[in-house]
Amino acid sequence: MSYCTLSSDEKYRDTFEPGIYVCANCGHELFHSKAKFSHNSPWPAFTDTVRDDSVVKEVETESQSSSNAPALKVSCGNCKCQLGHEFLKDGPNEKSRFCIYSESLSFLPHKENEQHSVSE
């Protein structure tokens, strides 16, 4: 069975406010909200990570029902907690689509006039 199964609570699928998504397990910065886009899959979708070391990837050996594109398993770059998948050239403008499980994320909304440590 694929790890990419639908959770009953994909709470961040339709969240589009400004902020940053971090690993729910360790707080490592993963995705900016500006990299998030609406997709027909039930999981939150992103085009880019915050930094190159935000995630680690490995080849997915099981077929994925949400795309015919080649897939990579994606884990947190810090604690190695599984996050979901990267589907190569399956996002807008042939960018990758990161299909990430809401339960693996925490969302930190940007507050007006707040300074952030992440380069934007």
Side-chain angles (χ1 to χ4, degrees):
M1 179 176 153
S2 168
Y3 183 73
C4 198
T5 57
L6 176 62
S7 168
S8 61
D9 183 26
E10 291 301 329
K11 62 185 174 184
Y12 296 125
R13 181 181 186 271
D14 297 318
T15 300
F16 289 97
E17 65 186 274
I20 190 165
Y21 293 85
V22 299
C23 176
N25 190 55
C26 72
H28 189 62
E29 295 173 337
L30 302 170
F31 304 96
H32 284 292
S33 59
K34 64 185 177 182
K36 191 167 186 297
F37 68 99
S38 183
H39 189 268
N40 62 359
S41 74
W43 305 279
F46 303 87
T47 55
D48 294 305
T49 59
V50 170
R51 295 181 306 273
D52 289 342
D53 68 348
S54 292
V55 301
V56 292
K57 306 170 188 181
E58 64 180 276
V59 174
E60 174 59 82
T61 57
E62 296 182 39
S63 65
Q64 300 299 305
S65 60
S66 67
S67 178
N68 291 327
L72 301 173
K73 291 180 189 177
V74 178
S75 300
C76 174
N78 183 54
C79 72
K80 311 304 184 248
C81 180
Q82 277 194 311
L83 301 172
H85 290 88
E86 177 184 6
F87 294 98
L88 305 177
K89 296 185 178 183
D90 194 40
N93 302 316
E94 292 195 12
K95 290 185 126 191
S96 286
R97 172 175 59 96
F98 289 87
C99 173
I100 305 299
Y101 310 109
S102 286
E103 65 269 10
S104 69
L105 300 171
S106 290
F107 180 67
L108 305 176
H110 284 198
K111 295 186 174 98
E112 199 170 318
N113 299 323
E114 183 178 310
Q115 294 291 330
H116 294 278
S117 62
V118 178
S119 301
E120 294 190 41

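Every value quoted in this text rests on a predicted model; they were computed, and no experiment measured them.
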J.: Output, in order, the C-alpha distance, side-chain angles, deciding distance and verdict of salt bridge (charged side-chain N to carboxylate O under 4.0 Å, His left out) for Lys57 and Glu86.
T.: CA-CA 8 Å; Lys57 306 170 188 181; Glu86 177 184 6; 2.8 Å; yes
J.: Who pairs with Lys95 by salt bridge (charged side-chain N to carboxylate O under 4.0 Å, His left out), at least two apart in sequence or on another chain?
T.: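 Checked Lys95 against salt bridge (charged side-chain N to carboxylate O under 4.0 Å, His left out); matches are Asp48.
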J.: Side chain of Thr49, backbone of Ser54: donor and acceptor closer than 3.5 Å?
T.: no
J.: Would you say the side chain of Ser38 lies within less than 4.5 Å of the side chain of Phe16, judging by non-hydrogen atoms?
T.: yes
J.: To the nearest 0.5 Å, what is the distance between CG (Leu30) and CD1 (Ile100)?
T.: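 It is 7.5 Å, given to the nearest 0.5 Å.
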J.: Indicate if Val59 and Leu88 have the same hydrophobic cluster label, given that clusters are the connected sets of ILVMFWY residues with side-chain heavy-atom separations under 4.5 angstrom.
T.: yes
J.: If the condition is salt bridge (charged side-chain N to carboxylate O under 4.0 Å, His left out), which residues does Lys80 pass it with, not counting sequence neighbours?
T.: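 Testing Lys80 for salt bridge (charged side-chain N to carboxylate O under 4.0 Å, His left out), a comparison that skips the adjacent residues, returns none.
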J.: Is there a side-chain contact between Trp43 and Ser102, using heavy atoms and a 4.5 Å cut-off?
T.: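 Result no, sub-4.5 Å side-chain heavy-atom pair not found.
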J.: When rounded to the nearest 0.5 angstrom, what distance separates OG in Ser106 from NE2 in His28?
T.: 13.5 Å
J.: Output the distance between atom CD1 (Ile20) and atom NZ (Lys34), rounded to the nearest 0.5 Å.
T.: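 Reported value, rounded in 0.5 Å steps: 9.5 Å.
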J.: Taking only residues two or more places apart in sequence or in another chain, which ones pass ring-ring contact (aromatic ring centres under 6.0 Å, His included) with Phe31?
T.: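 Partners of Phe31 under the ring-ring contact (aromatic ring centres under 6.0 Å, His included) test: Phe46, Phe98.
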J.: Give the ring-plane orientation class for Tyr12 versus Phe107, where under 30° counts as parallel, over 60° as perpendicular and anything between as tilted.
T.: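 Judged by the thresholds at 30° and 60°, the geometry between Tyr12 and Phe107 is tilted.
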J.: Looking at CZ of Arg97 and NZ of Lys89, how far apart are the two atoms once the value is rounded to the nearest 0.5 Å?
T.: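 Answer for the CZ-NZ pair, Arg97 versus Lys89, is 15.5 Å.
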J.: Evaluate the side-chain proximity of Cys26 to Cys81: yes if any heavy-atom separation is below 4.5 Å, no if none is.
T.: no
J.: Determine whether Tyr101 and His85 satisfy the following criterion, side chain to side chain contact (heavy atoms under 4.5 Å, CB included), listing intermediate values before the conclusion.
T.: CA-CA 9 Å; Tyr101 310 109; His85 290 88; 3.5 Å; yes
J.: For Cys99, is there any backbone N or O sitting under 3.5 Å from a side-chain donor or acceptor partner on His39?
T.: no
J.: Looking at Thr15, Val50, Leu108, which hits side-chain contact (heavy atoms from CB on, under 4.5 Å) with Tyr21?
T.: Thr15
J.: With rounding to the nearest 0.5 angstrom, report the OG to CG distance, Ser104 to Asn25.
T.: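 With rounding to 0.5 Å, OG (Ser104) is 10.0 Å from CG (Asn25).
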J.: Measure the NZ-CG distance between Lys73 and Leu83 for me, rounded to the nearest 0.5 Å.
T.: 13.0 Å
J.: Go through the steps for Cys79 and Cys23 under the test side chain to side chain contact (heavy atoms under 4.5 Å, CB included), then give the verdict.
T.: CA-CA 9 Å; Cys79 72; Cys23 176; 3.7 Å; yes
